[in-house]
Amino acid sequence: QVPLVESGGDLVQPGGSLRLSCTVSRSIFSARTMGWYRQAPGKQREFVALIAVGGSTNCADSVKGRFTISRDIAKNTVYLQMNSLKPEDTGVYYCNTFPRFDYIWGQGTQVTVSS
């Protein structure tokens, strides 16, 4: 019914951690590279990280070494573990395929990093 649903966003202090989840329709998830994207206030949506069907991953330079993307095939879920969060990580985080399909953008989940 719903292609995907993101969750896990919250208010967190700088240096803190969050784990985002994205539950995806099986028809989309089964054999596709998945990605996380984010949109900061006043900025365009940008790529954050991806994970291929075989498990290989890649992250944007701005989050490399701090964020880790993973997937659980049995649960149709993609995760984004975010550590050492910075104020500039603030934004709405979205899950989608990579490359993205514009018609399946979800509501996203808000991440706010502030002291």
Contact list for residues 2-12, test salt bridge (Lys or Arg N to Asp or Glu O under 4.0 Å), sequence neighbours left out: none

Residue pairs passing the ring pair (Phe, Tyr, Trp, His ring centres under 6.0 Å) test where at least one lies in residues 23-44, sequence neighbours excluded: Tyr37-Trp105

Partner set under salt bridge (charged side-chain N to carboxylate O under 4.0 Å, His left out) for Arg19, not counting sequence neighbours: none

Whether Thr90 side chain and Val113 backbone form a donor-acceptor pair below 3.5 Å: yes

Ser27 side chain vs Ser25 backbone, donor-acceptor pair below 3.5 Å: no

Which pair of non-hydrogen atoms, one from [X] and one from [Y], has the smallest distance, and what is that distance?
| X | Y | value |
| --- | --- | --- |
| Lys75 | Thr77 | O-OG1, 2.8 Å |
| Ala52 | Arg71 | O-NH1, 3.3 Å |
| Ser84 | Arg66 | O-NH1, 3.0 Å |
| Gly8 | Leu18 | O-CD2, 4.0 Å |
| Ala49 | Leu80 | CB-CD1, 4.3 Å |

Any pair counted as side chain to side chain donor-acceptor pair (under 3.5 Å), so long as it reaches residues 40-53, sequence neighbours left out: Arg38-Glu46

Qualifying side chain to side chain donor-acceptor pair (under 3.5 Å) pairs with a residue from residues 106-115, counting only residues at least two apart or across chains: Gln110-Thr112

CZ on Phe67 to OG on Ser62, rounded to 0.5 Å: 7.5 Å

Reported OH-to-CG distance for the pair Tyr94 and Leu20, which is rounded to 0.5 angstrom: 13.0 Å

Neighbour count >12 (heavy atoms, 6.0 Å) for atom CZ, Arg32: yes

Minimum side-chain heavy-atom gap Ser17-Met82 below 4.5 Å: no

ILVMFWY network linking [X] to [Y], side-chain heavy atoms under 4.5 angstrom:
| X | Y | answer |
| --- | --- | --- |
| Ile51 | Ile28 | yes |
| Val12 | Val48 | yes |
| Val78 | Phe47 | no |
| Leu4 | Leu50 | no |
| Val24 | Ile69 | yes |

Tyr79: hydrophobic cluster co-members (side-chain, 4.5 Å): none

Any side-chain donor near an acceptor of the partner, Thr23 and Asn76, under 3.5 Å: no

N-O pairing of Asp89 and Lys86 below 4.0 Å: no

